[in-house]
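Because the structure is predicted, anything quoted here is derived from the model rather than measured.
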Amino acid sequence: MQGETVIKSVAKKPKIFTTMFLVSAVITAFFSIFSLISPSTLAKVMTFIQSLFATQYGWTAMLIPVLCMGFLVALGVSKYGKIVIGGKDAKPDYSVFSWLAMLFTSSIGIGIIYFGVNEPLYAYYLAPNSTEAPNKMEAAREAMGTALYHWGVSVWAIFSVVGLVMAYFVTRHNIRYLPGDVIEKSFGRRKWVPVTKHSMNVLAIVCSALTIAATMGLGSVQISTGITKVMGTGLSFEGILPYLVLVILLIVCFFAATTKKVGQGMQKLGDWNVYLAIAILIFAMLFGPTRYILNQVVQLMGTYIDQLIPRNFDMFLFSNDPTYTTTWDVANNMWWISWTPFMGVFIASISKGRSIRQFAFATMTIPVIFMLFWHATFGGIALLDAVLGTGKIANHAMESPEMTFFAILETMPWSSLTSIATIVLLIMFISTTVTSAALSLARMTDADGKEAAPVRSAVWVLLITVIALTGIFATTLGGNDALNAVKSLATTLSYPYLFFFILMITAFIKQLRKDKPQV
């Protein structure tokens with residue numbers, strides 16, 4: 001009897017290196033080595049494929065956010081809005097604040113410091129709505145609207161839909177944490193299902209790993225820039241030492257964080273991320289040009305509401321730069337779609353007890369309100385300097401964008417202190433993002449698709465970090481932008497995943513009608 005117990009316990013021991021893990025890791029490693037050896041070649045190939053897709057199917061990528069927003073609103077106001085993930089008696093594991101904080105910090109949190117200040121400037125100098133505006137005032141208004149459009153409701157609608165679909169199928173039908181299994185469950189044993197399922201699962205894993213590696217690498221460059229600024233490190237150390245010290249620190253941090261299950265650790269990290277971000281935001285609003293910022297909040301709100309729907313249908317067909325949509329708006333939407341595989345798994349794992357109505361409305365409003373104030377404050381200050389100031393901040397955005405946020409802090413009191421706080425925030429954001437991604441990848445490559453084994457999670461952290469590290473060194477020492485090559489690759493891989501994404505939504509609608517849940 002005791003022997004049988006031992007045998008059963010051994011049999012239940014999770015397999016670390018599953019077939020799904022090995023296949024996905026090998027493909028990911030191949031692309032990462034390619035980006036290290038010849039990043040320029042990879043970037044050119046990916047740019048060509050992106051251009052080809054965007055020219056033919058860019059209209060699809062532009063419609064996806066609108067469809068997601070409409071779909072969520074329709075579900076939220078319908079009888080299905082009462083459906084609770086995990087069953088009508090399921091209780092949430094986290095408060096609404098902690099739930100949204102983890103969603104925010106695991107996804108777009110790291111980007112608000114890098115792009116939150118740079119995008120209004122890019123839009124002001126490059127976007128057709130701005131460059132073709134009749135005057136500077138109109139150009140600045142359009143630029144702020146464009147920046148928030150790229151980080152607003154449409155992004156959260158995409159994340160919310162895929163998280164809702166995964167959460168519903170995992171809790172209601174006990175499928176694995178794999179997007180391809182959604183297709184299998186809903187469409188059954190049709191001939192095309194097995195190939196679609198396995199292709200979708202492998203593509204989702206590879207796409208997620210490369211997306212997070214590029215994000216981690218770009219974030220690490222920005223952190224090292226901040227460390228160099230605060231500590232006054234000499235130029236001889238700027239190229240190598242900050243990166244090496246920082247990455248070693250991050251590897252240790254991520255390795256430790258990833259060996260824990262999603263729980264109080266992730267909850268506290270997410271909460272403190274948001275607390276610190278709010279503190280930096282309030283400081284800037286109080287010690288920056290306060291009246292201008294408040295005016296910018298009101299104006300940006302009106303601009304965004306005015307553009308929310310029409311902007312998703314604007315293809316700039318007769319603009320002086322007709323390629324803008326394909327190189328900016330389409331690429332931006334596809335970049336966020338490349339995040340959906342791991343975001344869907346992570347959202348599903350922390351959303352028990354949440355109703356479809358909460359998915360529909362909480363995720364599309366509360367984070368966007370924060371983004372409104374963040375863009376109005378930091379993006380607004382950068383744009384003010386470009387239009388009526390010295391233009392120094394704008395020069396950073398064009399020449400050294402990782403420095404732009406710190407340049408804004410230098411215009412306020414106690415810049416060294418706030419720069420340190422920003423560095424801490426960046427580290428926390430990256431920690432949360434990589435940890436949530438590693439946990440999601442560990443679940444997706446589990447034999448049963450359920451458990452995030454600590455060792456497997458740690459291996460994914462290590463693999464992601466190595467890809468980011470090689471990208472940093474290839475970029476810094478070789479003069480080639482390997483990190484952007486990895487980002488371009490992740491975005492390109494999201495193109496076929498776009499059609500899987502649409503198939504997932506179709507499967508969800510089909511299954512929801514078939515289940516006829518009591519609501």
Q: For residues Ile278 and Phe370, determine if any side-chain heavy atom of one lies less than 4.5 Å from a side-chain heavy atom of the other.
A: yes
Q: How far does CD1 of Ile27 sit from CG of Leu22, to the nearest 0.5 angstrom?
A: 11.0 Å
Q: Can you tell me if Phe97 has over 12 outside heavy atoms packed within less than 6.0 Å of its CZ?
A: yes
Q: If I compare all heavy atoms of Gly86 with all of Lys352, which pair ends up nearest, and what's the gap?
A: CA-CG, 4.5 Å
Q: Not counting sequence neighbours, which residues clear side chain to side chain contact (heavy atoms under 4.5 Å, CB included) with Lys185? List them please.
A: Phe169, His173, Ile175, Gln511
Q: I want to check something: taking the side chain as every heavy atom from C-beta on, are Phe405 and Asn118 in contact at a cut-off of under 4.5 Å?
A: no
Q: What closest approach, in Å, do Met364 and Val153 show between heavy atoms, and which atom pair accounts for it?
A: O-CG2, 3.6 Å
Q: For side-chain contact (heavy atoms from CB on, under 4.5 Å), just list the numbers for Thr418 and Phe406, CA-CA rounded to whole Å, side-chain angles, deciding distance to a tenth of an Å, and then say yes or no.
A: CA-CA 9 Å; Thr418 53; Phe406 297 103; over 6 Å; no
Q: Where the side chain of Ser494 meets the backbone of Met334, is there a donor-acceptor pair that is under 3.5 Å apart?
A: yes
Q: Just how far is it from atom CG of Leu210 to atom OG1 of Thr28, taken to the nearest 0.5 Å?
A: 5.5 Å
Q: Side chains of Asp271 and Tyr94 only: does a donor on one sit below 3.5 Å from an acceptor on the other?
A: no
Q: State whether a side-chain donor-acceptor pair under 3.5 Å links Thr211 with Ser208.
A: no
Q: Do side-chain atoms of Thr340 reach the backbone of Ile337 as a donor and acceptor pair under 3.5 angstrom?
A: yes
Q: Apply the test side-chain contact (heavy atoms from CB on, under 4.5 Å) to residues Met166 and Ile347: give CA-CA distance (whole Å), side-chain angles for both, the deciding distance (0.1 Å), then the verdict.
A: CA-CA 8 Å; Met166 286 302 303; Ile347 293 172; over 6 Å; no
Q: Mind checking whether Trp328 and Tyr122 have side chains closer than 4.5 Å, heavy atoms only?
A: yes
Q: Judged by modelled atom types alone, do Trp151 and Glu119 share a side-chain donor-acceptor pair under 3.5 Å?
A: yes
Q: Checking side-chain polar atoms at under 3.5 Å, does Trp460 have a donor or acceptor matched by the opposite partner on Thr445?
A: yes
Q: Measure across Gln358 and Gly353 and return the closest heavy-atom pair with its distance rounded to 0.1 Å.
A: OE1-O, 4.2 Å
Q: What's the verdict on side-chain contact (heavy atoms from CB on, under 4.5 Å) for Lys82 and Ile356, showing C-alpha distance, side-chain angles and the deciding distance?
A: CA-CA 6 Å; Lys82 297 179 181 179; Ile356 288 179; over 6 Å; no
Q: Angle between ring planes, Trp339 versus Trp336, binned at 30° and 60°: parallel, tilted or perpendicular?
A: tilted
Q: About how many Å separate OG of Ser154 and CE of Met62, when rounded to the nearest 0.5 Å?
A: 9.0 Å
Q: Going by the angle between their ring planes, with limits at 30° and 60°, are Phe500 and Tyr497 parallel, tilted or perpendicular?
A: perpendicular
Q: Determine yes or no for a side-chain-to-main-chain donor-acceptor pair under 3.5 angstrom, with Ser338 supplying the side chain and Trp335 the backbone.
A: yes
Q: Roughly how far, to the nearest 0.5 Å, is the CZ atom of Phe159 from the CG atom of Leu103?
A: 10.0 Å
Q: With a 4.5 Å limit on heavy-atom distance, are the side chains of Leu498 and Tyr57 in contact?
A: no
Q: Is Tyr114 atom OH crowded by more than 12 heavy atoms from other residues, nucleotides or ligands, each under 6.0 Å away?
A: yes
Q: Is the shortest side-chain heavy-atom distance between Leu100 and Val274 below 4.5 Å?
A: no
Q: Could you go through Ile83 and Tyr80, starting from their C-alpha distance and side-chain angles, then the distance that decides it, and tell me whether this counts as side-chain contact (heavy atoms from CB on, under 4.5 Å)?
A: CA-CA 6 Å; Ile83 297 176; Tyr80 296 110; 3.7 Å; yes
Q: Check whether any side-chain heavy atom of Asp93 sits under 4.5 Å from a side-chain heavy atom of Ile350, and report yes or no.
A: no
Q: Indicate yes or no: at least one non-hydrogen side-chain atom of Asn201 is less than 4.5 angstrom from one of Arg176.
A: yes
Q: Mind listing the closest non-hydrogen atom pair of Gly344 and Val162 along with its distance?
A: CA-CG1, 3.9 Å
Q: Determine yes or no for a side-chain-to-main-chain donor-acceptor pair under 3.5 angstrom, with Arg443 supplying the side chain and Ser440 the backbone.
A: no
Q: Sub-3.5 Å donor-acceptor pair from the side chain of Ser351 to the main-chain atoms of Arg354, do we have one?
A: no
Q: Heavy-atom count around Lys510 NZ within 6.0 Å, excluding the residue itself: above 12?
A: yes
Q: Do Arg357 side-chain atoms and Ser78 backbone N/O form a donor-acceptor pair below 3.5 Å?
A: yes
Q: Within this structure, what is the CE-CD1 distance for the pair Met200 and Ile183, rounded to the nearest 0.5 Å?
A: 4.5 Å
Q: Say whether, by atom type as modelled, one donor and one acceptor occur between the side chain of Asp181 and the main chain of Tyr177 under 3.5 angstrom.
A: no
Q: Are Asp329 and His150 close enough that a side-chain donor and a side-chain acceptor fall under 3.5 Å?
A: yes
Q: Do the rings of Trp156 and Phe104 sit parallel, tilted or perpendicular, given the 30° and 60° boundaries?
A: parallel
Q: Has Thr377 got a side-chain atom pairing as donor or acceptor with Trp374's backbone, closer than 3.5 angstrom?
A: no
Q: Start with the C-alpha distance between Tyr304 and Tyr149, add both sets of side-chain angles, then the distance that settles ring-ring contact (aromatic ring centres under 6.0 Å, His included), and finish with yes or no.
A: CA-CA 7 Å; Tyr304 184 65; Tyr149 160 72; 7.8 Å; no
Q: Please report the shortest heavy-atom distance between Lys197 and Gly180, naming the atom on each side.
A: CG-O, 3.6 Å
Q: With no hydrogens and no angle check, is any side-chain donor or acceptor of Thr404 less than 3.5 Å from a backbone partner on Pro401?
A: yes
Q: Taking side chain to side chain contact (heavy atoms under 4.5 Å, CB included) as the criterion, tell me which of Leu72, Ile505, Thr363 meets it with Leu164.
A: Leu72
Q: Taking all heavy atoms of Pro367 and all of Ala362, pick out the closest pair and write down the distance.
A: CD-O, 3.4 Å
Q: Does any non-hydrogen side-chain atom of Pro341 lie less than 4.5 Å from one of Ile205?
A: no
Q: Say you draw a straight line from CZ of Phe429 to CG of Asn273; how long is it, rounded to the nearest 0.5 Å?
A: 5.0 Å
Q: Test Pro65 against every option in Asn333, Val161, Val155, Leu308 by the side chain to side chain contact (heavy atoms under 4.5 Å, CB included) rule and name the one that passes.
A: Asn333
Q: Under the 3.5 angstrom rule, does the side chain of Ser186 hit a backbone N or O of Val182 as a donor-acceptor pair?
A: no
Q: Can you tell which of Tyr168, Trp99, Phe508 makes a ring-ring contact (aromatic ring centres under 6.0 Å, His included) with Phe359?
A: Trp99
